[in-house]
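Report on one structure; see the data block that follows.
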Amino acid sequence: MCEFEHPLPPLEDDEYVLDTARVREVVGEVRAHIGEATSPRDACDRIEPLFTRLLADPAWLPQRYQEPARESGMGGGIGQWLLFRAADRSLSLFSLVVPPGAMTPVHDHLAWGLVGLYRGNQDEEFYRPEAGRLELVRHRPLSPGDFYALLPPRDDVHRVRTTSAVTSVSIHLLANDTGCVLRHTYDETTGEAHPFRSGYVNAACEEPPRLDR
Ligand SMILES: [Fe+2]
């Protein structure tokens with residue numbers, strides 16, 4: 001099936017930052033679905049039932065991955081917490097924590113995948129970059145359990161904002177190492193793309209050099 005390039009150097013091993021039986025089970029099932037899928041859309045459809053169950057389960061995500069982060073690549077105290085990533089950078093699972101009133105910049109992901117709301121409420125806005133502007137193509141409120149597919153090059157440029165009085169937490173399952181790839185933010189008025197790497201609060205993008213090499 002169609003794959004995007006992963007120019008980042010591979011990691012030594014798969015990285016289970018949240019190393020639980022539940023996360024390992026989810027990753028195993030997701031990989032099996034991807035292996036059988038004929039397209040990113042098909043992969044999203046196959047993964048959807050288990051993703052829905054994950055969003056509905058209040059027990060699997062520890063509170064520390066539902067906290068805002070003062071130092072944040074997204075700005076606004078927005079925390080991007082890595083939970084799992086594949087050694088070849090072809091898959092990542094992370095939470096995005098957006099405090100009340102905060103919003104992300106308009107950004108892309110450069111990978112297909114699923115994003116769903118776990119806590120709080122958000123508004124999501126999808127955009128189509130046009131010459132000299134951004135066209136708003138979709139705007140809708142999200143409640144816990146709601147989710148959407150990212151399928152670049154369509155449906156990849158968006159922004160989310162928290163509309164609830166409590167911090168919102170969304171779960172991202174994407175087919176790249178989203179926090180580490182060089183992607184883009186977009187100027188709201190001109191539509192101009194700027195290079196952007198969000199990073200993670202709790203994981204580095206490069207492995208430290210090993211002394212025995
Ligand atoms: Fe996003």
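Whatever order the structure lists them in is the order used to number ligands and atoms, beginning at 1.
Screening W81, F84, W60 for a side-chain contact (heavy atoms from CB on, under 4.5 Å) involving L18 leaves a single residue, W60.
Here the two rings, on Y148 and F126, have centers that are under 6.0 Å apart.
Of the possible donor and acceptor atoms, one in the side chain of S164 sits under 3.5 Å from a partner among the backbone N and O of V166. Under the 3.5 Å distance criterion, the side-chain polar atoms of R183 are matched with a main-chain donor or acceptor of D108. Listed for the T185 side chain is no donor-acceptor partner under 3.5 Å among the backbone atoms of F196.
Taking a cutoff of 4.0 Å between a charged side-chain nitrogen and a carboxylate oxygen, E206 and R197 qualify as a salt bridge.
Protein contacts to the Fe ion (ligand 1) involving N, O or S atoms at a distance below 2.8 Å are H107 NE2, H109 NE2, H158 NE2.
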